[in-house]
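Comments concern the structure below.
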2 protein chains.
Amino acid sequence: MQLLEAKKQFVQAWGALGSQWGINKTMAQIHALMMVSTEPLSTEEIMEELSISRGNANMNIRELTDWGLVTKVFKAGERRDYFVGEKEVWKIAKQVAKIRKTRELDPILKLLEQLKTVNAHIKNDELKHFQKMVNDVHKLAVNVDRLIESIFKAEESWFWDKILKIFTK
Amino acid sequence: MQLLEAKKQFVQAWGALGSQWGINKTMAQIHALMMVSTEPLSTEEIMEELSISRGNANMNIRELTDWGLVTKVFKAGERRDYFVGEKEVWKIAKQVAKIRKTRELDPILKLLEQLKTVNAHIKNDELKHFQKMVNDVHKLAVNVDRLIESIFKAEESWFWDKILKIFTK
DNA sequence: TATTGCTTTCAGTATTTTTTGAAAGTATAA
DNA sequence: TTATACTTTCAAAAAATACTGAAAGCAATA
């Protein structure tokens, strides 16, 4: 396979994966483009490469910047903005985990804790079951939360080494 | 908080969480409804509870059945179909992981393996960088794959016990 | 200060996804 | 066999989401 074709497929696949996980396709594609590019890219180049409008490119670059996956860089003599994507895959994974944890897991945890205070005059089966359910979900969420917290601190090879050793022992 | 209100919030939150992770909101809500319900539910009851159409209810119940999260049950004397949701949270998590791994992770792995065969006449930096990138992503994907495989086999408390021990040592 | 080159915004439009509801399908019972 | 009770399907409608492009903003230089 040729490099150009391979890049195209990588960008496509990244976009599709994004969609399936609630991330804007274009945002994921721009990210993929930046991952495989050695040079900083301008908005113009991204528009060109993905056949998208200026507005679309701009908004998604900003979103990626907000996620901490893309940084603005200045090129000597050049007036226009250039952007580089984080290249370290483990850092990318950690960053995505961090953002999504804050935005999605934390609020759910908060709600579950509230729901644990649910009460009723008559202690019937429905109530008991609801309480158990919420408790179980909460336990799982807390564990996932802890796991993610640990990931933040961990160095990649150490992390996988430890994790996978558990299951082969 | 009262039980009815708590249930409503739980269903709402589950739906929102689903949306954010590429799962149809209604599907997630039906699932939540079934998680907290002690009794089997009919299509009628689900329609009523969530204010959705028959078609919508039917299609999403089927989807949940395909995911292995909901089972059809027969009520003695009753003609209509009733459904029960899997109640064990760990089983639900495993099942979701299994389905999404097959549908999403496996194809990505396959593509990454293909992309590793990329070649070019001139061995320039762009090529080298692409190869490294694909390799790194592939490594991560393989590790995630292994982790999920391990989850399938693991019993919940054992799993978390082992995992969390690593990080407190 | 005016011009130029570039960035940002956002109302309107297009696309994608989800939902509806009525008709067709199926199975049980009369 | 026909009626009844229920389920499934799917074309069309609605809703949600993403994208465009032109106008407004901003900052560097002439």
Side-chain angles (χ1 to χ4, degrees), chain A residues 11-12 14-34 39-67 70-84 100 103-104, chain B residues 11-34 40-67 70-84 100 103-104:
Chain A
V11 170
Q12 274 303 108
W14 216 242
L17 190 68
S19 298
Q20 288 171 320
W21 289 85
I23 283 159
N24 179 303
K25 192 186 74 180
T26 303
M27 177 172 155
Q29 286 183 337
I30 294 177
H31 180 230
L33 207 57
M34 288 188 164
E39 291 300 305
L41 296 174
S42 67
T43 304
E44 212 77 33
E45 288 163 329
I46 291 163
M47 287 165 62
E48 169 76 11
E49 197 76 39
L50 301 176
S51 314
I52 57 173
S53 73
R54 188 169 298 283
N56 195 7
N58 184 277
M59 283 169 84
N60 282 298
I61 292 168
R62 170 146 39 97
E63 187 71 9
L64 282 164
T65 308
D66 290 347
W67 279 58
V70 160
T71 329
K72 196 187 281 192
V73 292
F74 299 96
K75 268 197 174 179
E78 291 264 15
R79 202 150 142 188
R80 67 177 57 177
D81 294 347
Y82 281 81
F83 303 92
V84 286
R100 298 204 78 162
R103 293 193 189 173
E104 293 152 26
Chain B
V11 169
Q12 274 302 107
W14 216 243
L17 190 68
S19 298
Q20 289 170 321
W21 290 85
I23 283 159
N24 180 304
K25 191 187 74 181
T26 304
M27 177 172 156
Q29 286 183 337
I30 295 176
H31 180 230
L33 208 55
M34 287 186 164
L41 297 174
S42 68
T43 303
E44 212 76 34
E45 287 163 328
I46 292 163
M47 287 165 61
E48 168 75 12
E49 198 74 40
L50 301 176
S51 315
I52 57 171
S53 72
R54 187 170 298 283
N56 195 6
N58 185 276
M59 284 169 85
N60 282 297
I61 291 168
R62 170 146 40 94
E63 187 71 8
L64 281 165
T65 308
D66 291 347
W67 279 58
V70 160
T71 328
K72 196 187 281 193
V73 293
F74 298 97
K75 266 199 175 179
E78 291 263 16
R79 203 150 143 188
R80 68 179 55 178
D81 294 347
Y82 280 81
F83 304 92
V84 286
R100 298 204 78 161
R103 294 193 187 171
E104 294 153 25

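The basis for the numbers below is simple: all heavy atoms, side chains too, and nothing from hydrogens, waters or symmetry mates. Lettering of chains follows the sequences in order, A, B, ..., and the numbering in each one begins at 1. Computed from a prediction, not measured in an experiment: that's the story for all the values here.
Using the six-membered ring where Trp is involved, A:Trp21 and B:Trp21 have ring planes that are perpendicular, over 60° apart on the 30 and 60° scheme.
Shown here is A:Glu78, whose CD atom has more than 12 heavy atoms of other residues, nucleotides or ligands within 6.0 Å.
Under 4.0 angstrom from either OP1 or OP2 of C:dT9 there lies at least one side-chain N or O belonging to A:Arg62. Contact annotation: A:Asn56 side-chain N/O to D:dT20 OP1/OP2 distance is under 4.0 Å. Phosphate proximity of D:dA18 to A:Thr26: absent, as no side-chain N or O sits under 4.0 Å from OP1 or OP2. Taking 4.0 angstrom as the limit, B:Asn58 places none of its side-chain polar atoms (N or O) nearer than this to OP1 or OP2 of D:dT7.
For the pair A:Glu78 CD and C:dT7 C1', the interatomic distance rounds to 15 Å; values are reported in whole Å. Atom-to-atom, CG of A:Asn60 to P of C:dT8 comes out at 13 Å; the value is rounded to the nearest Å. Counting to the nearest Å, the P atom of D:dC19 and the CD1 atom of A:Ile46 are 14 Å from each other. C:dT8 atom P lies 13 Å from atom CE of A:Met47, rounded to whole Å. Note: NZ (B:Lys72) to C1' (C:dT26) measures 11 Å, nearest angstrom. Atom P of nucleotide C:dA27 and atom CZ of B:Arg80 are separated by 18 Å, given to the nearest angstrom. For the pair B:Phe74 CZ and C:dT28 P, the computed distance is 9 Å after rounding to whole Å. A straight line from NZ of A:Lys25 to P of C:dT16 spans 7 Å, rounded to a whole angstrom.
Within the nucleic acid shown, B:Arg54 comes within 4.0 Å of at least one base atom, counting heavy atoms only. Using a 4.0 Å heavy-atom distance criterion, A:Asn24 is classed as a sugar-phosphate-only contact.
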* Asked: Can you list the steps and then say if B:Trp14 with B:Leu33 is a side-chain contact (heavy atoms from CB on, under 4.5 Å)?
  -> CA-CA 9 Å; B:Trp14 216 243; B:Leu33 208 55; over 6 Å; no
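When each of A:Gly77 and A:Ala57 is assigned the nucleotide of DNA chain D bearing its nearest heavy atom, the one mapping closer to the 5' terminus is A:Ala57. Map A:Met59 and B:Arg79 each onto its nearest nucleotide of DNA chain C; the residue landing nearer the 5' end is A:Met59.
The distance from the CZ atom of A:Arg80 to the NZ atom of A:Lys75 is 9.5 Å, given to the nearest 0.5 Å.
Using a 4.5 Å heavy-atom threshold, the side chains of B:Arg100 and B:Trp67 count as touching.
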